[in-house]
Enquirer: 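Okay, here's the structure, questions in a sec.
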Amino acid sequence: MTYKRSRSSFGFPRWGGYGRDTDAVHVRMCDYHGCSEAGEHPAPKSPNSPDRWYFCERHAADYNRNWNFFAGMSEEAVRDFMRKEAQEDAGTGYRKSTAFSWGGAPDADGLTRAERDAYDALDLEPTATAVEIKSRFRSLAKQYHPDRNPGDKEAARMFHGVRTAYDVLKAKAG
């Protein structure tokens, strides 16, 4: 039996070029003292810091269970933080979405392009009241809702447009 030698085999069939052109895989070890597992789960070192510990799943769960965001803060600092968060949340428990906060520069009538498009989608005049906006949205939503029109792609597209228009005008609709 003759063995055909390749350039990267060095003449030994089992040594060959196997893995020769690949880089070593970097494995981050768990930051928990004495642990030899891979540290694939990041955990914060301190509040509002980009620095992270990297733990294995078991140690990350232990760390997160015992981690206190407010550790090391004075009572006054904790109250200030809570007050600031409460003001930003505006009582909703969530920060306000800014998805429709800027729809372009207002025109001479004081309407943005997004608002004008929204009125067109709902087939309303810009002078419509909050009650008219909400009423029109509800009737169109019922008409085009996907549950009422299963498999109808045009109805689904119309429903999405009506929903988006209502999201833009929701502040005026109360």
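Computation of the quantities below employed the complete heavy-atom set of this structure, encompassing side-chain atoms and omitting hydrogens, waters and symmetry-equivalent molecules. Not measured: the values here are computed from a predicted model. Position 1 is the first residue of the sequence; numbering continues from there.
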Enquirer: I need the Asp117 CG to Leu122 CG distance, nearest 0.5 Å.
Expert: 11.0 Å
Enquirer: Has the side chain of Ser135 got a donor or acceptor atom that lies under 3.5 Å from a matching backbone atom of Val131?
Expert: no
Enquirer: Which distance, rounded to the nearest 0.5 Å, do you find between the CG of Asp80 and the CE of Met73?
Expert: 8.5 Å
Enquirer: Do Tyr54 and Trp67 share a hydrophobic cluster, counting only Ile, Leu, Val, Met, Phe, Trp and Tyr and linking them when any side-chain heavy atoms are less than 4.5 Å apart?
Expert: no
Enquirer: Hey, is CZ on Arg148 packed in by over 12 heavy atoms from elsewhere, all under 6.0 Å?
Expert: no
Enquirer: Do other residues, nucleotides or ligands put more than 12 heavy atoms under 6.0 Å from the CE atom of Met29?
Expert: yes
Enquirer: Can you tell me how far apart CZ (Phe70) and CZ (Arg79) are? Round to the nearest 0.5 Å.
Expert: 12.0 Å
Enquirer: What pairs with Ser74 under side-chain contact (heavy atoms from CB on, under 4.5 Å), at least two apart in sequence or on another chain?
Expert: Glu76, Ala77
Enquirer: Quick check: closest heavy atoms across Lys45 and Trp53, and the distance to 0.1 Å?
Expert: CG-NE1, 3.3 Å
Enquirer: So, for Ala141 and Val162, which heavy atoms are closest and what is the spacing to 0.1 Å?
Expert: N-CG1, 4.3 Å
Enquirer: Nearest heavy-atom pair of Glu37 and Arg58: which atoms, and what distance?
Expert: OE2-NH2, 4.4 Å
Enquirer: Quick one: pull up CZ in Arg116 and CG in Leu111 and give me the separation to the nearest 0.5 Å.
Expert: 4.5 Å
Enquirer: With His41, which residues qualify under side-chain contact (heavy atoms from CB on, under 4.5 Å), at least two apart?
Expert: Glu57, Ala60
Enquirer: Is a side-chain N or O of Thr164 found less than 3.5 angstrom from the main chain of Gly161, in a donor-acceptor match?
Expert: no
Enquirer: Which atom names give the shortest non-hydrogen contact between Thr127 and Glu132, and what distance separates them?
Expert: O-OE1, 4.5 Å
Enquirer: For Tyr32, give me all partners under ring-ring contact (aromatic ring centres under 6.0 Å, His included), at least two apart in sequence or on another chain.
Expert: His59
Enquirer: Using atom types as modelled and distance alone, determine if a side-chain donor or acceptor of Asn66 lies under 3.5 Å from a backbone N or O of Asp62.
Expert: yes
Enquirer: Checking Gln143 now: which residues fulfil side-chain contact (heavy atoms from CB on, under 4.5 Å) with it, not counting sequence neighbours?
Expert: Leu140
Enquirer: For Tyr119 versus Pro126, what's the shortest heavy-atom pair and its separation?
Expert: OH-O, 3.6 Å
Enquirer: CD1/Ile133 to CZ/Arg138 distance, rounded to the nearest 0.5 angstrom?
Expert: 13.0 Å
Enquirer: State which residues pass side-chain contact (heavy atoms from CB on, under 4.5 Å) with Ala38; sequence neighbours excluded, sorted by chain then number.
Expert: Val27, Glu40
Enquirer: Atom OH in Tyr63, atom CG in Asp31: separation rounded to 0.5 Å?
Expert: 10.0 Å
Enquirer: Taking ring-ring contact (aromatic ring centres under 6.0 Å, His included) as the definition, give me every residue that meets it alongside Phe137, ordered by chain and number, with sequence neighbours left out.
Expert: Tyr166
Enquirer: Closest heavy-atom contact between Cys35 and Cys56?
Expert: SG-SG, 3.8 Å
